[in-house]
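Below, chains carry the letters A, B, ... as their sequence lines are ordered, and counting in each starts from 1.
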2 protein chains.
Amino acid sequence: MPPSPPPEEGSLEDRFPVARDVARLAGVSTSTVSRVFNGTAAVRADKRDAVLKAAEELGFVANGAARALSMRRFMAVGAVVPNIENEGFLRTLSSFQERLRRDGYTLILTNAGYDLDNEWQEASFLLERGIDGLLLVGDLHRPALLERIARQRIPTVQTFTLSAARPCVGFDNLAAAGRAAQYLLDLGHRRIGVITGIRKDNDRSGARVAGIVHALAARGLTINPAHDVETSHGIAAGRDALRQILSQSTPPPTAIICGTDQLGFGVMIEAQSRGVAIPGDLSLIGFNDADYAAFLTPALTTIRIHAAEIGQVAAEHLLARMAGRSVVRLTEIAAELIVRGSTAPPRPSMDNA
Amino acid sequence: MPPSPPPEEGSLEDRFPVARDVARLAGVSTSTVSRVFNGTAAVRADKRDAVLKAAEELGFVANGAARALSMRRFMAVGAVVPNIENEGFLRTLSSFQERLRRDGYTLILTNAGYDLDNEWQEASFLLERGIDGLLLVGDLHRPALLERIARQRIPTVQTFTLSAARPCVGFDNLAAAGRAAQYLLDLGHRRIGVITGIRKDNDRSGARVAGIVHALAARGLTINPAHDVETSHGIAAGRDALRQILSQSTPPPTAIICGTDQLGFGVMIEAQSRGVAIPGDLSLIGFNDADYAAFLTPALTTIRIHAAEIGQVAAEHLLARMAGRSVVRLTEIAAELIVRGSTAPPRPSMDNA
DNA sequence: CCGGGCTATGATAGCGGTTTCATAATGGCC
DNA sequence: GGCCATTATGAAACCGCTATCATAGCCCGG
């Protein structure tokens, strides 16, 4: 219950000016005020000026809720991302927001924390709010959410993935990771390890691992389960992961592909502190091309994702659909392997002939 | 022509269910539906169940705009930050959003790009939208914005700063930077340099530089203008800045304080590539304690900001004011100097006796 | 100078909720 | 069982804007 609404009379000083106040002061009707502000119909110049002057004087600001209610348009789009703090999502959101803003839309942001039930809750929350469009990450969502989106007919776009099921702006995670694995294979690596964040509820991680497995399989190879670790995210997690891999008695991998550059950085640090040379003893590939990836020693080979482009294209997709224009359902954004110093052929050894 | 012919149950499938549909199906009035969903008054158990069942069946979702209009509450707060992609702001926003969410508020986010005119535009945009509260960064804003906030009586909180003028959750930039300078002075440094991002429209950068100047002045020292550089942000900018400083003919600084850890990282890389030893030849202090700061070699001495705490406290502040509760105007969040390996006493030399 | 087609304007009916306020149903108590 | 104090309920009045529609003004050709 809002705080005690004092029985104020319209002293105009303690109450927001509304369209009627402007209309009265300008000597016109509220319809005309509306027309002036929305340009929905011609208004004689002198009246328009009077309205603008009155509005200026009163400090009139149209009430967004009333407007949204009347127009049945909220002029806001929502985004539910697994982790707001992730640099990649952020670059995407930043350009997404900027593009939307240019068309007068606001961005409402919420965090799902890599949990699908949470995603469903957060998205519902936004949907209740009346958002006109929705951005999601990935292709994996609770059926209830998909159902609701369909029912409310909310234009939705999925990012960081490509899927035939729903409109997407992203890249092929499986292929991208496959390319990284292929590159390592071509260098001569045979024992390849993988480190990723949590894979549950995350189709991107899953697809990436699958891509690597697939590429190896084509050469009759597999990932040694001891070299396949799923951890949390962050630099420390990367360190721990390498420690875990190296603590196994099996021969260590000669190359590792990480789910993010942060994990890669962690691996690098742990390797350094153990005297494991990169890329001499261990080749390393990250994912995302974080701002510092190029500056590590050695510079980190990684897969560059054009995150900002994803955001912009996703915004344009949504904008088009919200305006009733037709759109392409799938836009592939390049994910290129950037070869830097952290990868090299493995040292010749007996089992790597 | 008779007035609007009652659109007799348009197949109900092509139109959102509204409260009246639920009411009709449950055999109650819309008032009761509203009461059930808001718990504003007691409703007999059987009716409540009927309403809930009907709502469930129809997939009813209250229209947020109508709700906001009639309650004169939007249940949304806005945040205008200089740079969405900045890690520090992000950690703050993340916890800010999370805390708001728990009370049913949504976060509307927009980017000002380190430009006050832009900030004023973006904030106005949000204010028009009807946000119930606003988060800003810093104490420096266009008077027009402050005026509008006052006029609309929108609870507003400033972050990353402490100022008597308006409610704040943050820290004393001047003192924090002063402490860093003091530490370097205590180590014996006399020639101290500064590298920050753009200072125009940014009171935080300004205050930090002032803090350093102040600390030096207390010892009768000044910053050599050639050692005081203002640049953009990012690792590359840090590299360039050090390059610029070292290209001067003056004796180089023995220590540098950077406005962010990213700049610090850049300095470190450039130093490395030039054979300038850190901390031997050059001590280095960053700002923010980025996730990787502790992992650089040497680990970066920096000022740690509890960004997440700022967000949480700011949210609580706003929540309290929006609920009409009283609040403390100023909350200081610690900004501690974290001493790591990048700082040490200067090498003894003639002019550093 | 008049009628016909335009255009600018105002009155008014929603949009979909919440919230009085009056009334109907209920319950407690003697 | 009757009476009064509660409590639950529905009708209707908003909230502030946009959209529809009828009308008042206007210009112009005949």
Side-chain angles (χ1 to χ4, degrees), chain A residues 1-5 7-8 10 12 15-24 26-51 55 58-75 127-130 132 152, chain B residues 1-7 10 12 15-24 26-51 55 58-75 127-130 132 152:
Chain A
M1 185 167 47
S4 53
E8 53 201 280
L12 235 186
R15 162 173 87 68
F16 289 144
V18 299
R20 225 178 58 220
D21 300 321
V22 175
R24 202 174 303 152
V28 300
S29 72
T30 62
S31 321
T32 299
V33 173
S34 167
R35 282 190 274 257
V36 167
F37 279 95
N38 298 292
T40 48
V43 171
R44 233 172 50 207
D46 58 334
K47 299 223 172 200
R48 179 184 25 257
D49 293 346
V51 168
L58 296 173
F60 167 73
V61 180
N63 177 314
R67 195 158 211 259
L69 177 58
S70 180
M71 300 204 302
R72 257 144 303 190
R73 268 279 194 110
F74 193 47
M75 293 303 281
L127 256 12
E128 282 171 30
R129 276 299 210 269
D132 303 309
Q152 291 197 216
Chain B
M1 184 158 165
S4 46
L12 230 184
R15 155 175 94 67
F16 288 146
V18 298
R20 225 182 45 227
D21 300 320
V22 175
R24 202 173 303 152
V28 300
S29 72
T30 61
S31 325
T32 299
V33 173
S34 167
R35 284 191 271 258
V36 167
F37 279 93
N38 298 293
T40 48
V43 172
R44 234 172 49 207
D46 58 335
K47 298 223 173 199
R48 176 181 31 254
D49 293 346
V51 168
L58 296 174
F60 167 73
V61 181
N63 177 314
R67 196 152 208 264
L69 177 58
S70 88
M71 298 205 304
R72 260 141 282 156
R73 269 269 199 121
F74 194 49
M75 294 303 280
L127 255 13
E128 281 172 31
R129 277 299 212 267
D132 302 310
Q152 291 196 218

Taking only heavy atoms on the protein side, list every residue of residues 42-49 of chain B lying under 4.0 Å from any atom of DNA chain D, sorted numerically. B:A42, B:V43, B:R44, B:K47
Using C1' atoms of five pairs at each end, report the bend of the helix from C:dC1-D:dG30 to C:dC30-D:dG1 rounded to 10 degrees. 40°
Once you apply a heavy-atom cut-off of 4.0 Å, does A:F60 come out as touching a base, just sugar-phosphate, or nothing? sugar-phosphate
Taking the side chain of A:R35 as its heavy atoms from C-beta onward, which of C:dG16, C:dG10, D:dT18 lies nearest to it? C:dG10
Just the rounded figure in Å: distance from C1' of C:dG16 to CG of B:N63. 6 Å
Short side-chain N/O contact to D:dT18 OP1/OP2 from A:T30, under 4.0 Å: no
Please confirm whether the shortest side-chain N or O distance from A:N38 to OP1 or OP2 of D:dT18 is below 4.0 Å. yes
hbond_proxy A:S31 side chain to D:dT18 base (donor-acceptor, 3.5 Å cutoff): no
Separation between NZ of A:K47 and OG1 of A:T32, rounded to the nearest 0.5 Å: 6.5 Å
Grab the CZ-C1' distance between A:R67 and D:dC15 for me, whole Å please. 16 Å
Rounded to the nearest 0.5 angstrom, the OG1-CZ distance for A:T30 and A:R24 is 11.0 Å
Is any side-chain N or O of B:S70 closer than 4.0 Å to OP1 or OP2 of D:dC15? no
When you measure from the side chain of A:D21 to the backbone N and O of A:V18, does any donor-acceptor pair fall under 3.5 Å? yes
Do the side chain of A:T32 and the base of C:dA8 come within less than 3.5 angstrom through a donor-acceptor pair of N or O atoms? no
Donor-acceptor pair, distance only, cut-off 3.5 Å: does the side chain of A:D132 make one with the backbone of A:R73? no
Can you tell me the distance, in whole Å, between the CG atom of B:L69 and the P atom of C:dC15? 14 Å
Nearest-angstrom distance from the residue atom CZ of B:R72 to P of C:dG16: 19 Å
Taking atom C1' of C:dG17 as reference, at what distance in whole Å does atom CZ of B:F74 sit? 15 Å
What's the spacing between B:R44 CZ and B:D49 CG if we round to 0.5 Å? 11.0 Å
State which of D:dC17, C:dT18, D:dA19 makes the closest approach to the side chain of A:T40. D:dA19
Atom-pair distance (CE on B:M71; P on C:dT20), nearest Å: 13 Å
Reported CE-to-CG distance for the pair A:M71 and A:N38, which is rounded to 0.5 angstrom: 6.5 Å
How long is the straight-line distance from CZ of A:F37 back to CZ of A:R67, given to the nearest 0.5 Å? 9.5 Å
Just how far, in rounded Å, is C1' of C:dT18 from CE of B:M75? 14 Å
Expected output: side-chain A:R129 to main-chain B:M75 donor-acceptor under 3.5 Å: yes
Going from CD on A:E128 to CZ on B:F60, what distance comes out if it is rounded to the nearest 0.5 angstrom? 9.5 Å
B:V61 side chain near A:L127 side chain, heavy-atom distance below 4.5 Å: no
Could you give the CZ-to-P distance, from B:R20 to D:dG10, as a whole number of Å? 15 Å
Hey, which sits more toward the 5' end of DNA chain C by its nearest nucleotide, B:A19 or A:V28? A:V28
With the side chain defined as heavy atoms from C-beta on, A:A66 is closest, among D:dC17, C:dT12, C:dG16, to D:dC17
